[in-house]
Structures are given as C-alpha cells and as structure tokens.
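Presented below is the structure to which this report refers.
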Amino acid sequence: MCGIIGYIGEKNASPILIQGLRKLEYRGYDSAGVAIQDGDTIARVRSVGKIENLAARAATEKLPGTVGIAHTRWATHGGVTEENAHPHTDQSESLVLVHNGIVENYREIKEQLGSEHIYNSETDSEILAHLIGEHIKESDGKLTEESFRLAVECALKEVRGTYGLVVMHKDVPDYLIVARMGSPLVIGVGTDGYYIASDATPMLAYTKKVIFLEDGEIACVSKTDMQTFNLKDECVVKCVEEIEWNQEQAEKQGYEDFMLKEIHDQPTVFEDAIRGRFNVEEGTAHLGGLNMTEEEMHSVKRIVLIACGTASYASMVGKYAFERLAGIPTEVDVASEFRYRDPIIDKHTLVFGVSQSGETADTLAALREAKRKGAFVRGIVNVVGSTIARETDGGTYIHAGPELAVASTKAYTNMVAILLLYALQFGRLKRVALATGERMLHALLEIPQKMNEILDTAEQIKTIAKVYANYDHMFFIGRGINYPVALEGSIKLKEISYIHSEAYPGGELKHGPMALLSENFPVFGIMTKDQLYDKMRSNIEEVRARKAPVILIASQGDDTAKELGEHVMYTPKTMELLQPLLNTVILQLFSYYVAKELGRDVDRPRNLAKSVTVE
Ligand code: M6R
C-alpha cells in the first residue's frame, strides 16, 4: 500500500507534498520521492527510508514550483532502493509519474517496447511511464493537453492490473493527469488549487471538499479546472462531496479502529496477494521467489513452517495443504521452541519462516538455525525489506499492506493465500491433476466476493457477539482444516477482549477439557461441511449434553445447524482447503465486537506489541 500526493495551484508545492507524505506515512513506506515542475523543467528528488530523509534533501535543493507529485513506496516489484522509488520517468525523461498498484502484464509491455528502452529501476511503474512516453511519441506535432490525455488513455487500455496514477509532462506545464483502476484516488478542491491523494488524510488541512475518482476514470487537472473522462474518452460528470472526517478518522478510512478497517481490507489485499502468481490454464501457481529448480523442488522430503502466534496458525492451514496436495510431510514449529530443540533438519528440508513483521526475534533465530543446518530457507513475509525478508534465500511477500492493529487479521488471510499457492505449486509438480489445480484457482478467485458476503453480515455477528461478551471463558473447537481456524479464533478473542479462551480439536474435549463445561462456559464450534462434518456434529452434541451454550459457524444451506447451536453464523461454501479464509473472517468480527462491547482498546491491547523483536 503506497501513498500518492499531488498538488497543482497557486502555492509552493514542495512543502505541501512533503507534509502530505508525512500524513500518508501510516500506509507504510520504505522510500519516498517528489517531483516539482517549474516552467519547462521538472526537478526530482528521491530517498530511501524515512520521509524525513527526503524532506532534508528537498529542503537543500529548494525545489521551486507550484505543481508537483510525490509518493511513499511500500515495495512490491524490486527492492528498496533510490532507483526503485517513485516518481519514475519515461525514456525521454520528460514525463514523470507516481503509481500505486501492480501492472500485471509489465513483462509483456517491456518486451513490446523493445530493447532500445533503458530502465533505471526494477519496477513495473517505470515500464508504465515508458509505455505512456511511447504513445506520446506517436502523437503528431507539439504535445497538447488533449494529445497528452489521449496518450495516457491509450497506454492504460493496454495495462492489465491496478493503478492509482498521477502523470505530468514538462511540455504541458500546469497540468496533471490522474487515473484510477483498483487503487483509490481522491481529488481535493481547494480555494488555491487541487490536491490529489490516495486518501483524504493529506488534504484535510486545506480542504474538506473532495471528488472520489472511480475505476476507469481519468481526471485532467489544471490550476483552476478539472475534467473527468472514462477510458472510452467520454466526459464524466463528477460531484463534489464534503467530508466530515478528522485526520485520525481519515487514516482509518472512516472505520472506528484500524482492526476493523484491516478486517474490511481483506477482499482487496487478498487479490493483491494472489494477483499474477498463478496460471489457470496450467492449473498451477508460480511463486518465482521460491528460487528453486524443479530438481531441487523434487528433492524436498519434508517441509517445516516456522512462525509464532497467528502466523503459526496460518502455517497450520499450510501444513494441511502441503500434505494433501503435495504429499510432503509438513510440520509447523513454534519458533521459540524450534530454536532450542536441536531440530532434525537437512538439505532435503524446506523451511519457510512465516511472519507479518519479518522481525520476530524467535522466528528469525530459528531460521538462522535452519540455515546453519543446510535447509532451503525461504520467507513468507509482509513487511518488505524486513530482516527475515533479507536473510532468507528467497520467498514471497504477502502484500497485505501495513497492518497497524496489534491483532493480526489481513496478514493471516494473505499468509494462508500464499501457503495455498505454494502447496499447489508443489502439488502440481507431484500429484495434483490439472483439473484440480484449475478448480482450486477458480475457487481462490471467488474468495474476495465471498469475504464481502461475510463482511455484509457484520451487524448480525455484532448482535451475537454482544450476547457472549459477559462470559469469562470460551472454548473454540474445530476438526481437520477447521482446527487451526479454532486456534486463530481463540487467540483473537483473548488478545483483544481479555476473555479466557482455549482451542481444541473437536475430538479432544472428552479427554479432559470437558470437565470445565457448564451453562456458564460457551463453546464456539466451527462446523462447516467437510469430510469431518459428521464427527464434528457429534462433538457438538457432546457439548450440548453438558449444557454449554453453543455458537456455530456453519455452511450456508445447513439448516440443521440451528438445531445444535443457540446462535449460528453462516459462511459461504468453498473448497475445503480454502474454507479457513472465510471462516476466520467471521471469527475476527466476532472477537472485534465482543471486545468493543467490553470497551477494550482493540488496536492496542494491553501487554502486547505489534512486533516482538525481543526473545
Ligand atoms: O510479525 P509476526 O507475524 O512474526 O508476529 C507473530 C505473532 O507475534 C503475531 O501473529 C501475534 O500472535 C498477533 N498479535 C496475533 O494477532
């Protein structure tokens, strides 16, 4: 999740842009840059690290001008370097752009542009700049506002993927072209000019009048006017809206807390996680970061997933997937135990470190130990450029964007997404049929829509959560693929509501925990339709016989679930291995609303830190 800010108007642009970047910092950043137009020249300054590094350099270079664009980058394509930081230029260095999103077909575009194009970065965004530059070259005569717009439109028609884009050109001064497809952009209407940004936060100090750009729209903005077009070059009439948010509300995009916002981010960031990483025709995934030859992949006899907390529960879903699809024995090892256990690891072991922050001390130490023992060591990490990402010999970013709430939500679902893709990639190499691979990929593509269906039931989940806020204890139970889901539900509830909870495989209750059950001890069963459904129903019957209140997650259409549970929350059906991606969203909302009912600080629960960098 990168941040864009642009300004065109009467005031000096540089301070507005730098201040705007500071306001966008919460979206995450690893580098930043700014470009300011002054007459027919464009000055560009970029810097790695904090916005303050860029601010210092911009102050030294002065950067006069009243039109400019700036960007905070959260790396996706290419490492964290000054060359990869935005703004990027085209071949002629006359056009400058900032871009959020992913150009999926950037390889094809690069090939089509040919070898005379020289690139200075590893980014898809720079290729997009070159593509627009190429269309400008094709337009006859002096570049005008209209031919500039048409060139951008032509280029965007060739792009597959997502973009939030602001482009300027030195030959068309005092003019910005803004385009959106899947990556939000807001245009602020000020008394002194226009402000453009990824969200409203950087413009609130100047204006509360905004225009929200929709997908497929292109706005052409001058100092005093703006016009909007669609990709068919038809004019679109836009309404100016008045926003009421203050700074903090704007960062949360109107949600009450970061956790709630991050729960709702999931359909979008899930798409970011899987985009461009599979091939439906071949029924397989392509996670290039694995950095292993087919021969090396065949040599893997065992997989070990190392993680802590929620990341370890995501890994448990991965274990089921690797074993079922690839037939490779897979273990999940809690990092703090692994590092001191003298684990059995050899060159036939593939070790994945799974971590949102990429800085968890125990996970890092465990991975170093695995590396010393000669395993293939790879990372599945959210924070780009983090220590785990740097120290592993490859791996995959989960693209969840910055996760600010201590309780992990969207990182969990994206970890599961990547583990499923890895399991499919190994599975197709070994024993998964093409048709099964295709089916799984189609099912993955349907997940965001199904997550949205669940998010639409938030009010019902809230009503149910209120009923359970006053119990002191709760069990979560599940079987098979739903056992890790129960673990994740339990950690979510305890960490943000402080209600004592534990998770068990459904079949385990009678071996001890059942002694605790009574009418004051609710049990949350995850009972979706899968191969262990009947077994799970029996476990729920056992719970009911002990008079414990029962809450259930059941598959849509399972009307008999109502006979077993005081409260039932229904979830859309998907392939069994993918069901955790949906069931967990219900549990996140349930825990969130229980915690809110109890007045907890859900984003910053007591005694916990977002990133555990100490042992
Ligand atoms: O940054 P990591 O994914 O390595 O963090 C691991 C755990 O500390 C983390 O998942 C923790 O359990 C969360 N607070 C759970 O919501």
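In this chain, numbering begins with 1 at the start of the sequence shown. Ligands are counted one by one from 1 in listed order, and the atoms in each one are counted from 1 as well.
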Proximal atoms of ligand 1 relative to G309 (non-hydrogen, under 4.0 Å): 12 (O)
Which of the ligand 1 atoms, numbered from 1, are nearer than 4.0 Å to a heavy atom of T310: 10 (O), 12 (O), 15 (C), 16 (O)
Protein residue, atom and distance nearest to atom 6 (C) of ligand 1, heavy-atom basis: C308 O, 3.3 Å
Part of L608 within contact of ligand 1 (heavy atoms, under 4.0 Å): neither
Under 3.5 Å side-chain donor-acceptor pair for E359 and T387: yes
Under 4.0 Å to a heavy atom of K492 - the qualifying atoms of ligand 1, by number: 15 (C), 16 (O)
Donor + acceptor pair across side chains of N482, N583 (<3.5 Å): yes
Proximal ligand 1 atoms for A311, defined as those under 4.0 Å from one of its heavy atoms: 3 (O), 10 (O)
Best match, E488, Q356, E495: closest heavy atom to atom 14 (N) of ligand 1: E495
Atom 8 (O) of ligand 1 - nearest protein heavy atom and its distance: V612 CG2, 4.1 Å
Identity and distance of the protein heavy atom lying nearest atom 4 (O) of ligand 1: T360 OG1, 2.4 Å
Atom indices of ligand 1, in the order listed, that fall short of 4.0 Å to a heavy atom of V406: 13 (C), 14 (N), 16 (O)
H71-N100 side chain donor-acceptor pair, cut-off 3.5 Å: yes
Under-4.0 Å heavy-atom contact with ligand 1, by part of E359 that carries it: neither
Min heavy-atom dist I491 to ligand 1 below 4.0 Å: yes
Element-labelled atoms of ligand 1 that are located less than 4.0 Å from some non-hydrogen atom of S357: 1 (O), 2 (P), 4 (O)
Side chains of D265 and T268, donor plus acceptor under 3.5 Å: no
Side-chain touch I274/L445, heavy atoms, less than 4.5 angstrom: yes
Ligand 1 contacted by K610 (non-hydrogen, < 4.0 Å): no
Contact atoms of ligand 1, heavy-atom distance to A407 under 4.0 Å: 16 (O)
Pairs flagged by ring pair (Phe, Tyr, Trp, His ring centres under 6.0 Å) wherever residues 586-605 is involved - sequence neighbours left out: F524-F590
No-hydrogen, no-angle side-chain donor-acceptor test under 3.5 Å, E403 and S408: yes
Quiz item: cation-pi between K252 and Y255, 6.0 Å / 45°: no
H500 side chain reached by D472 side chain, heavy atoms, under 4.5 Å: no
Short side-chain donor-acceptor distance under 3.5 Å, T310 and K492: yes
